[in-house]
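Any value given below was found using the heavy atoms of this structure, including those in side chains, with hydrogens, waters and symmetry copies removed.
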Amino acid sequence: MLQFLARRLLRAVIALWGIVTIVFIVMRLSGDPVPLMLPPDAPTSEMNRVRAELGLDQPIPIQYAVFIGNVLRGDLGRSIHMRQPAIDIAIERLPATVELALVAFLLAVVVALPAGLISAAKRDSIWDNIAMFFALIGQSAPTFYIGIMLILVMGLQLGWFPVSGRGQGSWLKPGDWSTMLWHVFLPAVTLGAFAMASIARLTRSAVLEVMRQDYIRTARAKGLNDIAVLVRHNLKNAAIPVVTIMGLQFGTLLGGAVVTETVFAWPGIGLLAIKSIGSRDYPIVQSAVLLVAMAFVFVNFLVDLAYGWLDPRIRYA
Amino acid sequence: MSRRASRGYLLVAIVVAFSMVLTACSQPAAPAKPAEPAKPTEAPKPAAPAAASPAAASPASASPAASPGASPAASPGASPAAKPAAAAGAAAPGPTGPAPAAAVQSTGKATTKAPATKTELVIASPSDISKLDPHMSTSFQDVIISFNLYDTLTSRDPDLKLIPRLATEWKATNDKTWEFKLRPNVTFHNGDPLTSADVKFSIERTYDPNAKTLVATVFTTIEKIDAPDPMTVVFTTKQPDPLLPSRLAFYGGQIIPKAYFEKVGADEFNAKPVGSGVVKFNQWVKDDRLVLDANKEYWGGAPDFEKITLRPIPENQPRMAALLSGQADMALKLIPDQVDQLKSNEKARAEGAFYAGLYVLGVNSKVPPLDNPKVKQALSLAIDRDGIVKALWKGQGAVPNGFVAPGDNFYDPNRRPFEFNADKAKALLSEAGYKGEEIVIESSTVIGNDRQMSEAIVEMWKKVGVNAKIEIIEGSVRAQKNREKSFKGLWWSDPTSTLQDPDGMMYRLLSPGGPMDYWREAEWDRLGEQARFSLDQAQREAAYKRMQEIMDVYYPWLPVIVPIESHGVASYVNWRSNPNQTMELRKDVFSFNR
C-alpha cells in the first residue's frame, strides 16, 4: 500500500511538473505583457525598466530555472497587473469554482445514476428513450450554447432563475442556502450537462453489460426479483467504470468551468484564467492551472483508492 | 435501415427541431455569434502634448456662466461646424451625405414608471473595472466609474458643452495664465474640505514622473500651479493654451484628496478611494460586483438612487438578458443586432451616440506599394463604406467625409463622403503600375466589428484586382506593434477626439513622432504646427482645410466609419448617453421615472 502511494505520488509530481512547464513555455511564446501595461507612447527605456523589474529581460531558460526554484518554495510569483502574490489571487477564486463544480457534480450524479439505471432496467422503453435523448443533447451541445439557451429560456422568458452571477451569502449559513442554490442552479446544470450525460450513458451500458453475466442469471434463477438483482448483484459490479468516469468528470468540471464561468459571469478561477491569458499575466495563469491540475490529480488518486474498495481483487501492489 | 438506426435519426431530428424552437422563442437568437469583445480603450489617448491654441476666442473669455465662449466647443466663432448634438437624434453629426440617414436611437426619456421600491441602480458592464485610482487608467470601464466617484474642475454635458463643476468660474488673466475659482463648501467623502491644495496636488501628480500615472501627457502644457488662497488655483502654461479648461474636463482632471492620499499611499488609495463625486466607494469583489453608495451630501444634489451595483457580464447575450429580465437597469455596449432588437421592446431601449472619433485603417505609407499615393486612393475608392454601414453595422453608423471627427472644431459638413467607385479604383491601380504586390490588413478583434469589416474590405479589394490578405493578430500583439510602429500594411485604429478639435486627434496621432507616424509630407507638418500654436481662427480653419486636401491625396488613414455606440437602458430610466463616454449619473442627467 505504501509503495503504491509513493508511486502514485511520484507520478503526480511528474504530471504537475509537465503541466507547469507546458504552461510556462506556451505563455511566454504567446506574447509580451509589458506593452499591454504601458501607454502606447511610453518610451523604450520605460518598457525596459518594467521588463527588468519583472525579470522578463532574462533569457527564457534562466527565467524557467528561477521559476521552478520558486515553485518548489511555494512561490508562484506576483501578478504582473495586480502586483499581489499570484497564488493568493488564484486561491481567492477557488471557492467559487469548487462550489460550482461540486453542485454540478452532485446534480450530475443524482440525475445520471438513476437515469442510467432505469434506462438499463427498462431498456428500449419510453423512459430509456427520453433519458438517452437528453444524454445525447448533453453530450453533443456545446457548453456555451446550453448556457445561453438556459439563460434565455429559464432566466429571461420564464424568469425562474437569475441570468448571471453568484449569490451573495455563505454556505456556512443555512439561511443563505436558498439564494446560493438559486444562483448556482443554471451554471451548474450547464457545467454538469456533459458529465451528466456521460455518466448516464456509461451507467446504462455498464449495467447492461453486467446483466449478461452468469451470476445474474443465477440470481434470477434463485427467484430474486428485479430490484434485488439490480441492487445486490449488479450495481457494485458495474461500479468500476462508473466511478472512473465520475472521477474523470469531476476533474474536467473544475477545469471546464472556463466557458461556463464566462457565460454566467461567475467569479471563479476559470474567468480569472481567461482574463489573465488575455493580459499575459503569466504568474496568475500558472497558479490557476497548477491549482486545477492538483485537484485533478488528487481526484484521480481518490478514484484509484476506490477501486480497491469496490473490487477486492484489485491490490495496491 | 434497421429500426434502431432509424430511431437514432429520428432523435437527431427531434433535437434539431427542439433547439430551433428554443431559438425562435427567445428573440436574441444567434447564439453561435461570437461575443464581440468589449472594446478596450486604445490605451490612453493623451491630449496634444504641446500647447494647442485653437478655438477659444480670445483667452480673456471670462466665467462660463457669463460667457460660454470659454469653451472652444461652444464658441460660435471658433466652431464652424454644427456641434454633434448627438442626443438629439435627428441632429446627429451629418457626415452622411448620400449615405443612409444614420439612425441614432436616443430619446433620453423613460416610457414607463419605475417600481416604487427602486433604489438600487444595477449596471451590467462588459468588463470589470481594473483600477479605482483615476490617474492610473483611461479604459472605458474605469472611466465611467471615476467620473462619478470624483469631480473635475470643468465638465461636458451630453451635448459636449463645457460646463462648470468644481470650478465656478475661470478666466485667462494673461496669455499664459488661467485662474480658476473653486466652488465653496465642497467636501470629500471622508469629510475633508476640497481646496486649491487638493487641485494643485492632483494635477501635479498626473505628470509627476515618480507617480507613473497613465495620464502623464495630458497636462504637459502646464509650467506650474499656484494656490494663492484655498478657493483659487492659478495655472501658468509654457505657451498660450486656450484649451486648458477643456483638458481639465477629461481624464487626468479628476481631483483627489491630498491629505488622505498622503496618509494612506497609492495602493491603499486604490483599494479604498475617496473622492468628492456623486457616489462613494463601498465594496469591490473582483469580477463579481462593485458597490457604490450615493453621496447624499453631494454639492450638486443627491443622486436618484441609494446605491449602484456594477456587475461585469462579459458575454453579450447574458448581459442583454440581465437587462430584459429586470436584473439590471443598464447594459453597456450593445452590438448593432441588439440595438435593432430593442427597437420594438417595451422593457428597455437603446441610447446611442455617435462615437467622438473615427474608425480608420491606418496605413504604413513607408512600404511599397503603399508608398504610392495612387494605390492608396484606389484602395479608398474600392471600399463600399455604405455597404459596410448597412450590412455589418445594421445602419448603426455613418460614412465619414474626411479626417476630422464630426462635430469637432473645423469639421467641414460640405465635404463629400468618401466615394465608392470600383472602376475608378481599377484605372488608378493600372496607372500606378500596381503589379499584384501583397497588401495585408493586420486585423485584431479589439475594435468593434473589425474582423468582419476586414473580411468585407479584403473581398472588395480583390474585386478590383488587389492582392489583399488578412492576418488576425491578438490584442497584445497589436499593442506591441502599435508601440513599435511595426504594422506591415494596414491595421484598425479608433482615434478619439480628446479635445473636440483636429489638434486633439489627427495632428496628435499623425504628427512627426506621434503614435501613428508612418507618413510625412512637409507642407502638412508645417500647417499642423502652425495651427497648433495659432490664435487666429481663420488661419487655423484654412490650415485644417488644406491638411485634409493633402490627406485626400496621400491617405495616411483610410477612414471607414463613424459608428454609433449604444447602451441598453430599462424603459423606466431617464438617461442619455454622453458621446465622450463618461457615463454621468448625477441627478441632472440620470433619474428613475417615478
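- The shortest distance between side-chain heavy atoms of P162(A) and Q327(B) falls below 4.5 Å.
- Taking chain B as the reference chain and counting heavy-atom pairs below 4.5 Å, the highest number among G147(A), G159(A), G165(A) is found for G165(A).
- The number of heavy atoms from other shown groups lying within 6.0 Å of CG (D267(B)) does not exceed 12.
- The line from OG of S325(B) to CG of L158(A) is 12.0 Å long, rounded to the nearest 0.5 Å.
- Separation of atoms CG (D288(B)) and CH2 (W266(A)) is listed at 9.0 Å; rounding is to 0.5 Å.
- Considering I151(A), L156(A), V163(A) in turn, I151(A) is the only one that fulfils the side-chain contact (heavy atoms from CB on, under 4.5 Å) rule with P318(B).
- Atom NZ of K347(B) is surrounded by 12 or fewer heavy atoms from other residues, nucleotides or ligands within 6.0 Å.
- Here the CD1-NZ distance, from I89(A) to K286(B), works out to 6.0 Å after rounding to the nearest 0.5 Å.
- You'll find the side chain of P314(B) stays beyond 4.5 Å of the side chain of I274(A), heavy atoms only.
- Contact detail for E315(B) and V263(A): the closest heavy-atom pair is CG-CA, 3.8 Å.
- Remark: K275(A) engages D287(B) in a salt bridge, criterion side-chain N to carboxylate O under 4.0 Å.
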